[in-house]
Amino acid sequence: MYHKEKSIQMKSSASALYNNLSVLRIAPRSLTYFTVVHANMVNMVSASWDGLNYSHRQLQSKEANVATSSSLIMQAAWCVLPSRDILVLTSQKGIQMYESDGSIMVYWHALDTPETQTAQAVFARGIAAVREKYICVGISSGSMLVFDVPIKGSNITLSEVLEEHKESITDLASECSGSLECIADMVSADDSGNLCVWKSGEDFQLLNKIPVPLDNVKLWKGTVVAGYGTGQIRLYEAVTGIVHAEVNAHARWIYSLDIAPFSGLLLSAAEDSLVRVWHLTMTPETNSVEIVHMYNECVTDTQICGAKFCDGDGYAFAVTGYDLSEIIRYTQV
């Protein structure tokens, strides 16, 4: 179903962080952007679709009143809004937002750090673009910051702080199908094993709270796709919390999930060095979701830490591994 393409080389290797890969497809320019976190910097690669041209950029973590920051970056992800694409970096010191090509930083939000050292680490983690104009970011206190992003320019404002979680946010995800019929349009997970389901708006509303310990979550057509440290994948109805399906997908911890929203393909990658592709189908009459295994690839001798589809149909996907200085790509045959 998929075959391996030529790998893309990076300036430095990937850190051992889950979800350590983000992909943005720029169709008008026949380009694909990739970002991978390494310690206190982000490797960004722009690759032409014909495989002939590559350009590299490295973005550094920022810290107030410091020229060169050593604070570790926790995550880098593109947020695709109807009017613009924003690259968001989260670190131990704050949140950085860039134009999609990484050329200009348009916003910086510093995290509140205690004056005296505490056992509680301070960082931001979990990034999601929600509906027309919101970017949500999770932080280690359990709060979620909701930023209102204008159509252009740098007048980004913090519009709301959601404080339902009491432990560090592990992941955020927004409704990726583009369906306006879905009531729920964001989910958030924390370290204590709580999954919150939200409806966005001028004031975000909590719709449901599901007690599930997980690090990876996606939202597709009103269905929560959850990846666990046990290697299991579960499908929940977002609003009710009803379990649609449970699959023993991997033998080790799941490090990354992704969904191709147009085709319903699901990508899972885990510490067992396996990348698997699944197909999700929804039956509106019974309001049920089925999951079918389609393909698997063993990335030998690699601790996978990121896997993403390169397009909305799932025609291609990319994989990163701890200490690897390359992005491995696969395309459908």
### Message
For Arg84, is there an ion pair with Glu99 - N to carboxylate O distance below 4.0 angstrom?
### Response
yes
### Query
Which pair of heavy atoms, one from Ser61 and one from Ser71, lies closest together, and at what distance?
OG-O, 2.8 Å
### Query
What's the spacing between Glu326 CD and Ser7 OG if we round to 0.5 Å?
4.0 Å
### Minimal non-hydrogen separation, Ala316 against Thr331, with atom names
CB-CG2, 3.6 Å
### Query
Would you call Trp253 and Asp215 a side-chain contact if the rule is heavy atoms closer than 4.5 Å?
yes
### Task
Would you indicate whether Leu52, at its atom CG, is surrounded by more than 12 heavy atoms from other residues, nucleotides or ligands within a distance under 6.0 Å?
yes
### Message
Tyr33: which residues meet the ring-ring contact (aromatic ring centres under 6.0 Å, His included) condition with it, sequence neighbours left out?
### Response
Trp78
### Query
What do the steps show when you test Ser46 against Asp101 for side-chain contact (heavy atoms from CB on, under 4.5 Å), and what is the final call?
CA-CA 8 Å; Ser46 170; Asp101 61 357; over 6 Å; no
### Task
State, with a plain yes or no, whether a side-chain heavy atom of Phe34 is found less than 4.5 Å away from one of Lys308.
no
### Message
Does Arg125 form a side-chain contact (heavy atoms from CB on, under 4.5 Å) with Ile169? I'd like the steps, not just the answer.
### Response
CA-CA 6 Å; Arg125 179 177 62 193; Ile169 302 297; 5.9 Å; no
### Message
Strictly by ring pair (Phe, Tyr, Trp, His ring centres under 6.0 Å), give each pair with a member in residues 307-333 just once, sequence neighbours left out.
### Response
Tyr2-Phe317, Phe317-Tyr330
### Query
So, Arg329 and Glu5, do they make that salt bridge, N to O below 4.0 Å?
no
#### Entry: Pair Asp185-Ser200, side-chain donor/acceptor within less than 3.5 Å
yes
#### Entry: Shared hydrophobic cluster for Trp220 and Leu235 (ILVMFWY, side-chain gaps under 4.5 Å)
yes
#### Entry: Joint cluster assignment, Val146 & Val88, ILVMFWY side-chain distance < 4.5 Å
no
### Message
Take a 6.0 Å sphere around CZ of Phe262 and say whether it holds more than 12 heavy atoms from other residues, nucleotides or ligands.
### Response
no
### Task
With the side chain counted from C-beta on, respond yes when His165 and Cys196 share a heavy-atom pair under 4.5 Å apart, and no when they do not.
yes
#### Entry: Heavy-atom closest contact (Val23 atom, Cys310 atom, distance)
CG1-CA, 3.9 Å
### Minimal non-hydrogen separation, Ser22 against Ala77, with atom names
OG-CA, 3.4 Å
### Task
Check whether any side-chain heavy atom of Val225 sits under 4.5 Å from a side-chain heavy atom of Ile291, and report yes or no.
no
### Query
Checking Glu163 side chain against Gly142 main chain: does a donor-acceptor pair fall under 3.5 Å?
no
### Query
Could you give the distance from NE2 (His38) to CG (Asp323), rounded to the nearest 0.5 Å?
8.5 Å
#### Entry: Within one Ile-Leu-Val-Met-Phe-Trp-Tyr cluster: Val247 and Ile254, side-chain cutoff 4.5 Å
yes
### Query
If you take all heavy atoms of Gly102 and Leu59, which pair is closest and at what distance?
O-CD2, 3.5 Å
### Task
Spell out, as yes or no, whether a donor-acceptor pair under 3.5 Å connects the side chain of Ser15 to the backbone of Leu17.
no
#### Entry: Test item: Arg57 and Ser103 side chains (from C-beta on) under 4.5 Å apart, heavy atoms
yes
### Test item: Ser168 side-chain N/O and Asp191 main-chain N/O as donor-acceptor pair under 3.5 Å
no
### Query
Got a donor-acceptor contact below 3.5 angstrom from the Glu160 side chain to the Asp148 backbone?
no
### Message
Rounded to the nearest 0.5 Å, what separates atom OG in Ser159 from atom CG in Leu145?
### Response
9.5 Å
### Side chain to side chain, Asp171 and Leu257, heavy atoms closer than 4.5 Å
no
### Task
May I ask you to decide if Leu31's main-chain N or O and Trp49's side chain share a donor-acceptor pair within less than 3.5 Å?
yes
### Query
So, does Thr32 use its side chain to make a donor-acceptor pair with the main chain of Ala47 at under 3.5 Å?
no
### Query
If you look only at pairs with a residue in residues 236-246, which of them pass as a salt bridge (Lys or Arg N to Asp or Glu O under 4.0 Å), with sequence neighbours excluded?
Arg234-Glu246
### Query
So, does Ser256 use its side chain to make a donor-acceptor pair with the main chain of Ala269 at under 3.5 Å?
no
#### Entry: His244 and Thr223: side chain donor to acceptor below 3.5 Å
no
Under 3.5 Å, which donor-acceptor pairs do the side chains of residues 202-210 form with other protein atoms, sequence neighbours left out?
residue: Asn208; atom: ND2; partner: Ala238; partner atom: O; Å: 3.4
residue: Asn208; atom: ND2; partner: Val239; partner atom: O; Å: 3.2
residue: Lys209; atom: NZ; partner: Glu164; partner atom: OE2; Å: 3.1

#### Entry: Asp258/Lys218 under side-chain contact (heavy atoms from CB on, under 4.5 Å): CA gap, chis, key distance, verdict
CA-CA 7 Å; Asp258 196 28; Lys218 293 293 172 190; 4.2 Å; yes
### Query
Nearest 0.5 Å, what's the CD-CE distance between Gln58 and Met10?
10.0 Å
### Query
Are Ile135 and Leu172 linked, directly or through other ILVMFWY residues, by side chains that come within less than 4.5 angstrom of each other?
no
#### Entry: Phe147: partners by ring-ring contact (aromatic ring centres under 6.0 Å, His included), with sequence neighbours left out
Tyr107, His109
### Task
Grab the two heavy atoms, one from Ala129 and one from Leu81, that are nearest each other, plus how far apart they are.
CB-CD2, 3.9 Å
### Query
In Å, rounded to the nearest 0.5 Å, how long is the span from OG of Ser273 to CZ of Arg252?
8.5 Å
### Message
Treating Gln96 as the side-chain partner and Lys62 as the backbone partner, does any N or O pair qualify as donor plus acceptor under 3.5 Å?
### Response
yes
### Query
Would Val299 and Met1 show up in the same hydrophobic cluster when neighbours are defined by side-chain heavy atoms closer than 4.5 Å?
yes
### Query
Do Leu274 and Cys298 have side chains that get closer than 4.5 Å, going by heavy atoms?
yes
### Query
How many angstroms lie between atom CD1 of Ile139 and atom OG1 of Thr90, to the nearest 0.5 angstrom?
11.0 Å
### Message
Taking the side chain as everything from C-beta on, heavy atoms only, tell me whether Ile328 gets closer than 4.5 Å to Lys4.
### Response
yes
### Query
More than 12 foreign heavy atoms under 6.0 Å from CG of Asp50: is that the case here?
yes
### Any donor-acceptor N/O pair, Thr170 side chain to Ala189 backbone, under 3.5 Å
yes
### Query
When you measure from the side chain of Ser174 to the backbone N and O of Val130, does any donor-acceptor pair fall under 3.5 Å?
no
### Task
Please report the C-alpha distance between Leu266 and Ile233 in whole Å, then the side-chain angles of each, then the deciding distance to 0.1 Å, and finally whether the side-chain contact (heavy atoms from CB on, under 4.5 Å) criterion is met.
CA-CA 11 Å; Leu266 168 68; Ile233 293 174; 4.3 Å; yes
#### Entry: Set of residues satisfying ring-ring contact (aromatic ring centres under 6.0 Å, His included) with respect to His293, sequence neighbours excluded
Trp278
### Query
Asn43 and Ser12: side-chain hydrogen bond (donor to acceptor under 3.5 Å, both in side chains), yes or no, with the steps?
CA-CA 7 Å; Asn43 294 297; Ser12 54; 2.8 Å; yes
#### Entry: Val212 and its side-chain contact (heavy atoms from CB on, under 4.5 Å) partner, picked from Val243, Leu195, Val217, Asn194
Leu195
